[in-house]
Amino acid sequence: TALILTSYYILSKHFYLPANYKNVQCTPVCKQRQHAKSNKTRTSFCHACFVTHGILIFCRLIKGHEARNYDYTIYHPLAEISTWMGQMVSENPDVVTLVDYGSTYENRTISLLKIGLKSDVTKKAVWMDCGIHAREWISPAFCQYFVKEILRTYKTDSKVEELLKNLDFYITPVLNVDGYLYTWKDNTTRLWRKTRSPGTDGCDCIGTDLNRNFEANWGMVGVSQNCCSNVYPGFKALSEAEARSVVDFVEPRKNDIVCFFTIHSYGQLILFPYGHPNVTAPNYNELAEISQAAAKAIKAVHGMTYTVGSFAEALYPAAGSSMDWARLIGIPFAFTFELRDEGSFELPENQILPTCEETYAGVHSVITYVHNKIFYSAAITASATLWTTLLATWFSCTFFS
Amino acid sequence: AHTVLYITGLQFVLKLTPHTPAASPSVPGQEDIQAAMPVEELDPSHYPATRAAKVAEHFINTRYGSPFAWFGSSGVKKAGLEVRAKLHFTLKEMTRNQDMGLCSAEVLFHRADERKPPQVQCTCSGAFQVNTSAEEEDLYQRLRNATSLLSGSDIPNSVGHIDPEMAPFWHLGGVASSFIMLRESNESTLLNMAHIDNFTQMETKDAQLMFQYDILLHDMVSQEILKWKLLLSWSPDGGVKVLEAEWDPKCRSCERAHLTVTTGIAAEQEMKGDNNNV
């Protein structure tokens, strides 16, 4: 026992070991962190995994635990999600990297998982953020499920493999980290929505609505300038560290990011730009078609109806959303998904799995469309040109020689 | 028999009648224009239709709601708007996942005075019958004969769980909330009951059971959580009645003192708080 405890202590200094001790697992974890700005990858102690693996297997035998198994059918507190992110990296080091790309008002790290097959050239990418609004717990649950699902299937499903080959996925399981943590405090804080930054100018309520804080017709509609309001857009655009973190990461990559998802609840809606009622996206019709197809894919799973429309038309006019900003800087396909149910933020845990399954189908349908549009229409054009040329050549040879 | 109802699948009704042209709710003076024009067709996936549907839902719950059945909604099929919205919708009973047939409703929003509650007329076709009298009688007798008063709290809990014994009281809270939500609704709201902080059974001398509820409502448009204290009565014969309703201001810097309204019947009293910051 002393040997185990000593090993565990030493390992915890260098390895990303679970913070949640009621589920102690003893799988070797290698830390691979990529610093967002310097792009350097630091691989720590992975070579030592084999050496320590023996000790850890012994540990596991003593404890009698199963191999590490994350439960995707319950809601997880922040610490468990952080541990899980490290686990995703350690179990899939070839395709998953952890990127710390910002921090919150209360100085917590905002991280994403970058998932994709390695490539020598810059790849196109898909962005997904969950948990912009703290009380929408099904949203982070979906991001975790999505990651799990693509990692589970890419080795056996050639379509998913192709997606990971051609695209990188940037998945942020919890964007509003401070807010999410606050909703776990007790049953009076469960329905918090905003960030936890203080009010300004003598207004003594806390928090800004992150989804009104982006530079997209900021402050113009669907907001309240009372800092106590749940749709307070901040004292200025990008007043919130969390919003700036997104912008600092996405903006430099805007020519590579082709698809932008932001996941929310509730309402069962698939929304596309814009939230501002007087702005129409140039690809409105295409966005509507993609969304309709996604709604159809969702319905095929468990029969649930998701309503489709632009944000302003189907929900309410609102400016400053992350989706609007993404579209405005040129990311062509941007969507807000509002998940189950139709009346409550406190979705029962027995609905987590069916919600994730149907949402996965919807998101997958969108990604497939976007992927095929980028990677196949060029090919189709090329081969069409080739055939036309061949036929023309044959024709002229046959009839004019 | 009483049930708790949600709207599913709205379908089309259009009638050509003179009306005030539909414009954004905040356009002043619009209501003065009396033009003979056809009813404006509403996109069923756009919020004017879904909000009107939600109001019809609250109305139906106030008429037919009970602790033992709850209907769910799924998508407007079609809608038309003058000052009033005319809707056809399918009704679904949620606890049994049962289709209840077709209803048609008219929801009239008073544009000139947003504090006047919407007027709703609604008729439902034959299949609309949920026999819950056995369960209601059973619950009623259990509570009448119990030696102590019942109470509950934090429904659902943070992970969405509701104890099966608490479920009828969740539904009862929902039905009682519908009285409030019906009164509080206008074209710029979309109200749902979000949470029951607690409920307590009160002593009564008559046949009605009485409960005090602390309820949280959610308005989708302002995204606010609205705290309401309700005193309600229920019996299988008497149905659900809201006796007193009181709104708690949400934050310390809210100017408005809380208002008290007595009786469940629509009163001329001003009772609406500053719910809409949009």
Side-chain angles (χ1 to χ4, degrees), chain A residues 74-75 133 135 137-138 183-184 186-194 199 202-205 209 211 221-232 266-270 277 295 303-310 312-318 341-352, chain B residues 6-9 24 26 42-51 54 57 70 72-77 94 97 153-162 170 174 188-195 197-198 216-225 249-255 274 276-278:
Chain A
I74 60 172
Y75 296 111
H133 290 137
R135 58 193 179 194
W137 282 15
I138 185 61
T183 58
W184 279 82
D186 58 57
N187 61 20
T188 67
T189 62
R190 173 64 178 83
L191 295 178
W192 186 259
R193 166 182 169 90
K194 301 188 287 182
C203 181
D204 68 353
C205 290
D209 186 346
N211 212 30
V221 68
V223 298
S224 167
Q225 293 304 336
N226 182 341
C227 91
C228 300
S229 162
N230 259 345
V231 291
Y232 174 63
Y266 57 89
Q268 293 175 212
L269 303 155
I270 302 175
M304 298 305 280
T305 303
Y306 278 57
T307 305
V308 166
S310 80
E313 291 170 329
L315 188 54
Y316 41 61
D341 55 18
E342 282 179 308
S344 168
F345 295 109
E346 295 176 310
L347 187 71
E349 285 180 316
N350 62 13
Q351 287 197 49
I352 294 179
Chain B
Y6 274 112
I7 289 167
T8 59
S24 79
S26 57
L42 288 182
D43 190 317
S45 64
H46 291 182
Y47 66 75
T50 46
R51 290 179 197 177
K54 183 64 73 171
E57 177 187 309
W70 216 4
S73 74
S74 68
V76 183
K77 294 267 161 53
M94 283 279 270
N97 204 23
S153 66
D154 196 29
I155 301 168
N157 68 7
S158 289
V159 297
H161 174 74
I162 301 176
W170 166 248
S188 302
T189 60
L190 188 75
L191 292 165
N192 285 293
M193 180 180 67
H195 191 79
D197 277 347
N198 55 66
L216 301 179
L217 306 180
H218 172 244
D219 171 30
M220 181 67 82
V221 180
S222 67
Q223 291 293 346
E224 294 302 334
I225 301 295
K250 171 179 90 74
C251 62
R252 290 163 296 153
S253 33
C254 288
E255 298 275 83
D274 186 20
N276 292 307
N277 294 318
V278 178

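Computed from a predicted structure; not experimentally measured. First the proteins, then the strands, lettered A, B, ... as listed; each starts at 1.
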Heavy-atom closest pair (A:A295 atom, A:V308 atom, distance to 0.1 Å) is CB-CG2, 3.7 Å
Between [X] and chain A, with a heavy-atom cut-off of 4.5 Å, which part of the residue counts as in contact: side chain, backbone, both or neither?
X	value
B:N157	backbone
B:L216	side chain
B:M220	both

| message | Ring centroids only, cut at 6.0 angstrom: are A:W137 and A:W184 within range, meaning strictly under it? | response | yes
- Query: So A:E313 and B:S45, side chain to side chain contact (heavy atoms under 4.5 Å, CB included) or not? Walk me through it.
  - Reply: CA-CA 8 Å; A:E313 291 170 329; B:S45 64; over 6 Å; no
message: Classify the ring geometry of A:Y266 against A:F345: parallel below 30°, tilted from 30° to 60°, perpendicular beyond 60°.
response: perpendicular
Bottom line for A:L347: the part with an atom under 4.5 Å from chain B's heavy atoms is backbone
Okay, A:A318 and chain B: the region with an atom under 4.5 Å from a heavy atom over there is neither
The ring pair (Phe, Tyr, Trp, His ring centres under 6.0 Å) partners of A:Y306 (sequence neighbours excluded) come to none
